[in-house]
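Down below is the structure, laid out as structure tokens.
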Amino acid sequence: MANAAWRLARRSCPSYLQVLHMNRTAMRASQKDFENAMNQVKLLKKDPGNEVKLKLYALYKQATEGPCNMPKPGVFDLINKAKWDAWNTLGSLPKETARQNYVDLASSLSSSLESSSQVEPGTDRKSTGYETLMVTSEDGITKITLNRPAKKNAINVEMYHEIMRALKAASKDDSSITVLTGNGDYYSSGNDLTNFTDIPPGGVEEKAKNSAILLREFVGCFIDFPKPLIAMVNGPAVGISVTILGLFDAVYASDRATFHTPFSHLGQSPEGCSSYTFLKIMGPAKATEMLVFGKKLTAGEACAQGLVTEVFPDSTFQKEVWTRLKAFAKLPPNAMRISKEVIRNREKEKLHAVNAEECSVLQERWLSDECMNAVVNFLSRKSKL
Ligand SMILES: CCCC/C=C/CC(=O)SCCNC(=O)CCNC(=O)[C@H](O)C(C)(C)COP(=O)(O)OP(=O)(O)OC[C@H]1O[C@@H](n2cnc3c(N)ncnc32)[C@H](O)[C@@H]1OP(=O)(O)O
């Protein structure tokens, strides 16, 4: 119902921007102004963010239905509770005032977001053109570094897109091998759990669908990557940053690294083709311990089970691995690419099918109470891994 209201608030019709600006001078917003403002919201080119969307939702409900007298949603019904809270906060604000406030807010959003969208995209970005990564290329090696150390390199939506972009660029540049690593004490803490809080107008179902599409595309880039792909696991790795290791050609780990796939704890299920690759790499019994029971492996254990190629003392990790990689990068690049093709190509079709199936199972899992509760618990700082 709340989603229906949000959709209604964004229902499409012709642009009335000019009319709206004239009406802003009037004392009270008319029904027509209100409808125009709804259209204005619909036409925004940039997402105004959850806080503003909640405010718009609350004002819309107040303007059309009056004060909130709906029962308060349960504590775990995170999204509907946030909406209820926003509406309830408006107390006994008269319908006309809510309507005027909605019109004013829509108008201010329109001017601030439209003007910021005129700034050249990327003008204040780092020279690499990435917000969440550092990408360098030298000595025949393209190095992609996950660069959100304050968030333990959690992979937010932007980072998923940037990794795909960096991989596509690396597949075409003149380097012969590509390396993925992390900045700071973590390799990566996996999927950024706040990804689940940015709910689109179509509600949680649309969010789950979009996430499954994103995940499938993301994992697909690793399946199809044509050059030798090497992970330098500099510290703990969690979730999807572990599962996709089965798609890498070599995995070098610091002895500080750990490997953790706590999917059951999170009400989720395996991805990154791990339901297939981990079974091949370590056999069903060990794969089950990791993927079903969430057993965390040390670097030594992960190496013994074939997930990691070699473990190095943390103190010499960077020096030793880079020396080795620089030697690899001097090998004839076409021979390496073709050898990878020979080794990997017969599995590609199977991997894409596994990827599709894992994503479709996860799409359902993300809507489960088990998953939503786990995310709420993390966000409310009630649980960590
Ligand atoms: C769309 C495709 C979806 C694909 C799905 C993939 C599935 C997965 O990847 S499942 C794995 C999800 N990851 C987690 O559950 C890890 C959650 N994080 C933690 O349990 C802990 O943060 C930690 C054990 C990794 C580290 O604990 P520590 O005490 O050392 O540090 P913190 O103070 O907790 O973290 C610092 C900072 O970073 C934020 N953060 C860390 N990890 C995540 C994360 N995965 N998502 C969002 N935010 C994360 C943490 O909240 C802290 O932020 P603040 O300083 O702002 O509080």
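We count ligands from 1, going down the list as the structure has it; atoms in each ligand are counted the same way. Position 1 is the first residue of the sequence; numbering continues from there.
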Number the atoms of ligand 1 from 1 as they appear, then name those within less than 4.0 Å of a heavy atom of [X], with their elements.
X      : answer
Ala154 : 43 (C), 44 (C), 45 (N), 46 (N)
Gln268 : 7 (C)
Gly190 : 9 (O)
Ser189 : 12 (C), 13 (N), 14 (C), 16 (C), 25 (C), 41 (C), 42 (N), 43 (C), 44 (C), 45 (N)
Leu266 : 10 (S), 11 (C), 12 (C), 15 (O)
Ile240 : 6 (C), 8 (C), 9 (O)

Just checking, any donor-acceptor pair under 3.5 angstrom between side chains of [X] and [Y]?
X      : Y      : answer
Glu96  : Gln100 : no
Thr243 : Ser274 : no
Asp33  : Ser30  : yes

Closest approach of any protein heavy atom to [atom], naming residue and atom:
atom                    : value
atom 29 (O) of ligand 1 : Lys384 NZ, 2.8 Å
atom 39 (C) of ligand 1 : Lys151 CD, 3.8 Å
atom 6 (C) of ligand 1  : Glu271 OE2, 3.2 Å
atom 18 (N) of ligand 1 : Phe378 CE1, 3.3 Å
atom 15 (O) of ligand 1 : Leu193 CD1, 3.5 Å
atom 4 (C) of ligand 1  : Tyr160 OH, 3.5 Å

Quick one: does [X] get within less than 4.0 Å of ligand 1, heavy atoms only?
X      : answer
Trp366 : yes
Asp192 : yes
Ala150 : yes

May I ask you to check whether over 12 heavy atoms, not counting those of Lys55, lie within 6.0 Å of atom NZ?
->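 No, because the 6.0 Å sphere around NZ of Lys55 holds 12 heavy atoms or fewer from other groups.
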Arg256 vs Asp185, salt bridge (charged side-chain N to carboxylate O under 4.0 Å, His left out): CA-CA, chis, key distance, verdict | CA-CA 9 Å; Arg256 270 195 335 101; Asp185 60 340; 5.7 Å; no
So, Phe248 versus Phe222, ring centres under 6.0 angstrom or not?
->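 Under 6.0 Å, so yes.
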Do the rings of Tyr160 and Phe218 sit parallel, tilted or perpendicular, given the 30° and 60° boundaries?
->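 Perpendicular: the ring planes of Tyr160 and Phe218 meet at over 60°.
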Side chain to side chain, [X] and [Y], heavy atoms closer than 4.5 Å:
X      : Y      : value
Met336 : Ser176 : yes
Gln62  : Trp87  : yes
Val135 : Thr145 : no

Report yes if some N/O of Thr194 lies less than 3.5 Å from some N/O of ligand 1; otherwise report no.
->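 The answer is no, given that Thr194 and ligand 1 share no N or O pair closer than 3.5 Å.
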Is the backbone of Ala250 close enough, under 3.5 Å, to the side chain of Thr309 for a donor and an acceptor to pair up by distance?
->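 Not confirmed, Thr309 side chain does not pair with Ala250 backbone.
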Could you pull out, from Val375, Asp185, Asn191, the option with a heavy atom nearest to atom 12 (C) of ligand 1?
->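 Residue with the shortest heavy-atom distance to the ligand atom: Asn191.
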